[in-house]
Protein chains: 4
Amino acid sequence: MAQVKKEDKKKRILNTAMRLFAEKGFRNVSLDEIAREAKVGKGTIYVYFDSKMRILEESAKSVFNGFTESFRLVFERSESIDEFIDNLVNSVVENISVKSKIMMLFHKESSYDREKYIQTISDYKETLKRVYERFLKGSDVSFEEFHSVLTGIFMAIYMMAENLGEDEMKKMLKRVLICILKREKG
Amino acid sequence: MAQVKKEDKKKRILNTAMRLFAEKGFRNVSLDEIAREAKVGKGTIYVYFDSKMRILEESAKSVFNGFTESFRLVFERSESIDEFIDNLVNSVVENISVKSKIMMLFHKESSYDREKYIQTISDYKETLKRVYERFLKGSDVSFEEFHSVLTGIFMAIYMMAENLGEDEMKKMLKRVLICILKREKG
Amino acid sequence: MAQVKKEDKKKRILNTAMRLFAEKGFRNVSLDEIAREAKVGKGTIYVYFDSKMRILEESAKSVFNGFTESFRLVFERSESIDEFIDNLVNSVVENISVKSKIMMLFHKESSYDREKYIQTISDYKETLKRVYERFLKGSDVSFEEFHSVLTGIFMAIYMMAENLGEDEMKKMLKRVLICILKREKG
Amino acid sequence: MAQVKKEDKKKRILNTAMRLFAEKGFRNVSLDEIAREAKVGKGTIYVYFDSKMRILEESAKSVFNGFTESFRLVFERSESIDEFIDNLVNSVVENISVKSKIMMLFHKESSYDREKYIQTISDYKETLKRVYERFLKGSDVSFEEFHSVLTGIFMAIYMMAENLGEDEMKKMLKRVLICILKREKG
DNA sequence: TATGAATGAGAGTTCATTCAT
DNA sequence: CATGAATGAACTCTCATTCAT
């Protein structure tokens with residue numbers, strides 16, 4: 001039970017931090033604020049995380065893992081690319097604005113430590129690769145393009161999320177995905 | 001000539017700041033750094049800009065104005081939507097990574113001062129509106145969607161720009177634009 | 001005990017600041033200096049005070065409260081106006097130079113925030129009012145005059161304090177008080 | 001005429017500075033502000049004054065000289081101490097609030113350069129001495145007390161000036177002067 | 001003589017991190 | 001494990017002073 005409680009506290013800190021980072025940006029959130037909102041002592045944060053940057057890293061990892069998990073699930077359940085797109089859109093739009101903000105922050109803040117960045121996204125990339133290999137290999141879409149566009153699109157949604165409802169977002173995302181993944185040769 | 005020199009210095013500060021902001025993010029760049037790289041005294045920055053935020057505002061304004069100008073030019077020179085897309089892609093990709101980063105930073109940092117944000121982008125939006133009204137009115141794309149996607153795409157390119165060459169970027173951007181602007185009804 | 005220690009540190013900062021403000025003026029004292037002399041970190045000051053101005057406010061409050069307390073005590077113990085004057089002089093001359101300087105600084109620095117100023121001195125003024133009503137009501141001294149002169153005299157002592165010993169100061173203060181408080185009609 | 005114009009400019013700077021210092025305090029007035037209000041270039045100030053402190057010194061000198069002049073005149077025209085007091089009050093109350101503020105600022109700001117302070121007030125003190133020697137020598141008022149109280153009173157008026165009209169001020173000042181200068185032995 | 005663009009030292013303030021309890 | 005008081009490095013911003021014109 002102590003173990004459970006401990007995990008509880010770490011999760012609480014991480015979730016609070018993710019929410020605040022997404023709302024205000026990395027530098028605009030102080031550890032005081034995280035501690036206050038997570039209802040733990042400021043020192044406690046350092047029991048679970050080495051540094052503030054470390055919290056963002058774990059946030060990003062969690063988001064990427066979530067994406068990876070979604071992709072894996074959707075991938076396993078989809079017989080055709082159309083089905084894949086449909087399922088992906090539904091699965092991915094959930095909490096998309098928080099998730100995409102975290103991805104973006106992480107991308108920006110860790111730009112000086114490429115190694116850490118690459119390590120954190122490698123799992124995510126690997127899953128994308130499997131999707132790519134099943135559905136797109138041999139098309140004129142390169143993996144790098146596939147990865148960039150997909151990731152970029154999620155980020156773009158950060159902007160759109162404020163002006164569009166969830167339904168519109170799904171419709172739009174679907175259109176763009178179809179356009180990228182199913183386009184005619186040339 | 002003094003006037004010229006003066007403008008020179010302001011431009012130098014602004015360009016340096018834009019580059020650094022794009023590289024590291026707004027909060028990660030100090031005025032000391034801007035001053036050092038622009039080879040001016042720290043105090044000089046305050047001769048031309050009221051505050052650090054003001055530098056970002058003028059950066060964003062300059063970027064938005066650039067986009068607006070591109071759109072206007074491309075718009076005037078294009079007879080069809082195909083031509084428009086072709087011209088837009090070529091005109092817009094230039095320096096896209098710096099520009100899109102600035103747009104994103106400004107979007108994030110000014111999120112607490114909506115009024116200033118809206119004022120800065122209003123010109124840009126108005127030009128988009130004219131494009132929309134010429135080519136897309138009556139289609140099932142709403143102006144809000146058009147604006148959101150287009151702006152989002154430019155920002156998405158921020159991610160892609162690091163992994164893709166200019167040619168690939170153009171190809172991709174073109175595909176997405178076609179997909180958005182030319183799609184079948186429904 | 002932690003509580004005691006905490007109060008200790010705040011007191012130490014406040015006392016150091018009051019001494020330095022009195023010696024050099026508000027603007028001529030830096031937070032670095034206060035921190036150094038109070039033997040605390042610069043950041044520690046901000047644990048206890050919101051801003052530099054806030055330190056002056058609390059300094060002033062403490063001085064005014066001291067005056068008020070002195071007045072109240074002296075007032076309660078004095079049967080006649082002569083006794084009142086005697087007791088007041090003795091009680092008020094203690095640390096008069098620091099106290100009067102703080103009053104003056106606060107008067108000057110808060111002149112742009114009248115509300116805060118009035119709030120801080122209201123207690124002090126109220127006590128003066130009770131003295132006035134007991135001893136001077138019906139005389140040709142108005143309350144405003146009484147208040148102005150008394151406060152002014154304390155400030156004037158700021159000048160004198162450097163050239164006169166405590167005994168001389170008491171003698172002088174007594175003379176002026178008698179002159180104000182006991183003068184013949186007209 | 002060039003000479004006249006030059007003097008004009010220096011006077012304009014000095015008068016503007018005195019007014020602003022009195023209104024806002026020494027440190028709260030910037031040279032930019034003085035230059036703007038005096039309608040001269042910022043650099044021009046340094047043609048006439050070595051430093052900002054120098055402006056305050058000359059302001060103080062001018063105020064002290066004014067007092068000295070008043071004292072001398074009043075002194076020469078007065079046959080008795082009563083007449084002296086009457087004349088002094090009338091002559092001294094003019095512009096008293098600006099004058100006393102300047103004196104106080106100078107007193108505070110130059111406290112670290114005693115020599116300059118003493119030099120600036122020596123003339124003023126000498127005139128006071130002549131008054132003292134004519135009217136008070138042999139009384140139980142020491143010169144130091146006389147000087148301190150008189151100067152202090154002028155400063156105290158800084159406080160009072162905001163709450164009292166000129167007539168009340170004169171009445172009050174007269175009372176205090178009588179009290180100091182005419183008191184019974186002991 | 002007159003100017004104001006340019007400057008950098010130093011101000012007040014914030015906050016990630018440490019550590020004694 | 002859990003805490004929050006304490007810290008100082010680093011931030012943005014101000015302004016007296018200089019100097020080329």
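Protein chains get the first letters and strands the later ones, always in sequence-line order, with residue 1 at the start of each.
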Let's see if you get this right: which residues in residues 26-41 of chain A place a heavy atom under 4.0 Å from DNA chain F? Val40(A), Gly41(A)

With sequence neighbours left out, the residues meeting side-chain contact (heavy atoms from CB on, under 4.5 Å) with Val29(B) are Leu20(B), Phe21(B), Lys24(B), Glu33(B), Ile34(B)

With sequence neighbours excluded, tell me which residues meet side chain to side chain donor-acceptor pair (under 3.5 Å) with Asn28(C). Arg27(D), Glu109(D)

N/O donor-acceptor pair under 3.5 Å between Lys52(A) side chain and Phe26(A) backbone: yes

By side-chain contact (heavy atoms from CB on, under 4.5 Å), Glu58(B) pairs with (sequence neighbours left out) Lys10(B), Leu14(B), Phe49(B)

Where does DNA chain E pair, written as one dot-bracket string 5' to 3', with Watson-Crick or G-U pairs under 3.5 Å, ( ) inside the strand, [ ] for crossing pairs and | for another strand? .||||||||||||||||||||

Between CD of Glu23(C) and NZ of Lys101(C), what distance do you get to the nearest 0.5 Å? 7.5 Å

Sequence neighbours excluded, the answer for side chain to side chain donor-acceptor pair (under 3.5 Å) partners of Arg54(A) is Glu57(A)

Whether Lys9(C) engages the ring of Tyr48(C) as a cation-pi pair (distance to the six-membered ring centre under 6.0 angstrom, angle to the ring normal within 45°) should be assessed. no

What's the CD1-P distance between Ile45(A) and dC1(F), to the nearest Å? 16 Å

Between atom OH in Tyr46(D) and atom C1' in dT17(F), what is the gap in whole Å? 5 Å

Using salt bridge (Lys or Arg N to Asp or Glu O under 4.0 Å) as the criterion, list what pairs up with Lys42(B), not counting sequence neighbours. Asp32(B)

Whole-Å gap separating C1' (dA6(E)) and NZ (Lys10(B)): 16 Å

Expressed in angstrom and rounded to an integer, what is the separation of Phe49(A) atom CZ from dT18(E) atom P? 16 Å

Which nucleotide in the set dA6(F), dC1(F), dT3(E) lies at the smallest distance from any side-chain heavy atom of Tyr48(A)? dC1(F)

Can you say whether a donor on the side chain of Lys42(A) sits under 3.5 Å from an acceptor on the base of dT17(E), or the other way round? yes

Strictly below 4.0 Å, heavy-atom distances to any atom of DNA chain E: list the hits from residues 50-61 of chain C, or just say none. Ser51(C), Lys52(C)

By salt bridge (Lys or Arg N to Asp or Glu O under 4.0 Å), Lys61(C) pairs with (sequence neighbours left out) none

Can you list the residues that meet the side-chain contact (heavy atoms from CB on, under 4.5 Å) rule with Tyr46(C), with sequence neighbours excluded? Leu31(C)

Taken to the nearest 0.5 Å, the spacing of Asp50(C) CG from Ile55(C) CD1 works out to 10.0 Å

